[in-house]
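Written below as structure tokens is the structure these notes are about.
Note that the structure is predicted; figures quoted are calculated from it, not measured.
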Amino acid sequence: MANVASPLQYGDPPRLGPFVVQARLHQAPAGFVYLGQGADGRAVSLAVLTHGAALDAAARERFVTTMREASARGGGVRSWLIRASRSRAAVLEGAPEVLAMETGQAPWVAVPYLPGRPGAEWFLGPVMVGGTFIGPAHGPDFVPYWLTDRDPALPGPPPRPAPLTETRRRVLMAALALAVLVALLTTIALLLLFGRSEGDPLPRPLPPTNFEPTPPPVPASPEPQRPAPSPTPSPSESGQGSPGPSPGEEQGQDQQL
């Protein structure tokens with residue numbers, strides 16, 4: 001099946017392990033197939049489960065089992081057991097070479113990208129019931145409950161580093177320093193309260209301050225008094241009335257008598 005590359009869409013992983021994701025190659029009911037590039041420049045085909053399939057333990061186990069069986073064909077006891085089973089050998093006969101894989105909660109597999117040859121989409125077939133190791137499924141068809149969850153299953157963020165924890169020695173040293181500081185502050189407070197001996201005389205209080213106002217200064221020479229105004233003579237005193245005897249006339253009349 002020829003896969004036509006299409007641009008990446010929102011939600012596609014930019015990177016899977018050491019491979020840089022460059023484009024989409026295929027979209028299956030169980031997952032997505034991407035075109036990637038390794039650190040050495042080699043083109044690879046990457047298969048990733050959908051979010052719904054990755055959450056299903058049975059579907060995820062079928063995908064991971066297929067990857068492990070295909071990667072174990074090279075040799076070893078596990079490879080001999082696979083060849084001993086004719087049904088398994090027939091199913092894994094056309095499996096591509098596994099370059100790298102991830103078997104965690106968001107599994108993926110990487111195989112060499114060869115135009116015209118089966119790629120990583122081969123591992124998405126066994127996820128559905130029709131592609132199990134027992135051969136074609138018999139009976140009525142059914143739709144998995146996770147088929148509507150079509151987003152790619154992306155690996156979660158890297159775990160955060162554990163918070164720094166102090167060693168037991170540092171904790172004891174801090175507690176000792178705190179105890180010494182508390183004891184020092186307590187000693188200073190006691191010295192301030194009870195440091196004065198009973199025989200020392202108490203300082204006399206200062207006498208109260210009485211404020212007496214200063215009288216104003218008295219001038220040396222008395223102030224000159226103003227002369228009293230002369231009274232204004234009345235009309236009778238001014239001579240308009242009958243003239244009276246003069247003082248000389250009265251004295252002469254008295255002498256003649």
Side-chain angles (χ1 to χ4, degrees), residues 1 3 5-36 44-73 78-79 81-82 85-113 118-160:
M1 179 178 57
N3 295 326
S6 60
L8 296 176
Q9 300 181 12
Y10 178 78
D12 290 334
R15 192 180 187 91
L16 290 173
F19 305 102
V20 178
V21 180
Q22 296 179 336
R24 273 192 183 190
L25 290 177
H26 179 64
Q27 181 176 352
F32 298 85
V33 181
Y34 299 100
L35 174 64
V44 296
S45 177
L46 301 162
V48 180
L49 290 178
T50 62
H51 189 259
L55 290 179
D56 186 8
R60 186 176 66 251
E61 183 63 25
R62 288 193 292 270
F63 182 63
V64 172
T65 301
T66 306
M67 293 189 301
R68 288 175 176 172
E69 298 293 349
S71 63
R73 289 186 306 167
R78 193 170 186 178
S79 175
L81 293 176
I82 294 175
S85 176
R86 294 183 179 179
S87 59
R88 285 187 173 183
V91 171
L92 297 175
E93 187 64 29
E97 178 188 359
V98 177
L99 299 178
M101 63 180 180
E102 172 62 39
T103 60
Q105 295 298 321
W108 55 267
V109 61
V111 301
Y113 174 70
E121 67 273 5
W122 187 91
F123 294 92
L124 297 176
V127 179
M128 307 297 292
V129 176
T132 54
F133 291 136
I134 62 176
H138 300 280
D141 296 335
F142 74 99
V143 178
Y145 71 93
W146 44 261
L147 200 60
T148 57
D149 194 349
R150 304 287 297 168
D151 295 331
L154 303 180
R160 296 182 178 180

Side chains of [X] and [Y]: closer than 4.5 Å at any heavy-atom pair?
{"X": "Val48", "Y": "Leu16", "value": "yes"}
{"X": "Met67", "Y": "Thr103", "value": "yes"}
{"X": "Arg150", "Y": "Pro29", "value": "yes"}
{"X": "Tyr113", "Y": "Leu35", "value": "yes"}

Practice prompt. Check the pair Thr50 / Asp149 against side-chain contact (heavy atoms from CB on, under 4.5 Å), numbers first and verdict last.
Written response: CA-CA 7 Å; Thr50 62; Asp149 194 349; 5.8 Å; no
Worksheet item: If every non-hydrogen atom of Leu154 is compared with every non-hydrogen atom of Gly11, which pair is closest and at what distance?
Response: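 Result for this residue pair: CD1-O, 3.5 Å.
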Is the backbone N or O of [Y] less than 3.5 Å from a side-chain atom of [X], with the two atoms forming a donor-acceptor pair by type?
{"X": "Asp12", "Y": "Gln9", "result": "yes"}
{"X": "Glu121", "Y": "Gly119", "result": "yes"}
{"X": "Arg24", "Y": "Tyr34", "result": "no"}
{"X": "Arg68", "Y": "Ala70", "result": "no"}
{"X": "Ser45", "Y": "Ala120", "result": "yes"}

Discussion item. One pair to check against side-chain contact (heavy atoms from CB on, under 4.5 Å): Leu46 and Phe32. What are the steps and the verdict?
Written reply: CA-CA 8 Å; Leu46 301 162; Phe32 298 85; over 6 Å; no
Would you mind writing out the side-chain donor-acceptor pairs for residues 104-112 within the sub-3.5 Å range, not counting sequence neighbours?
none

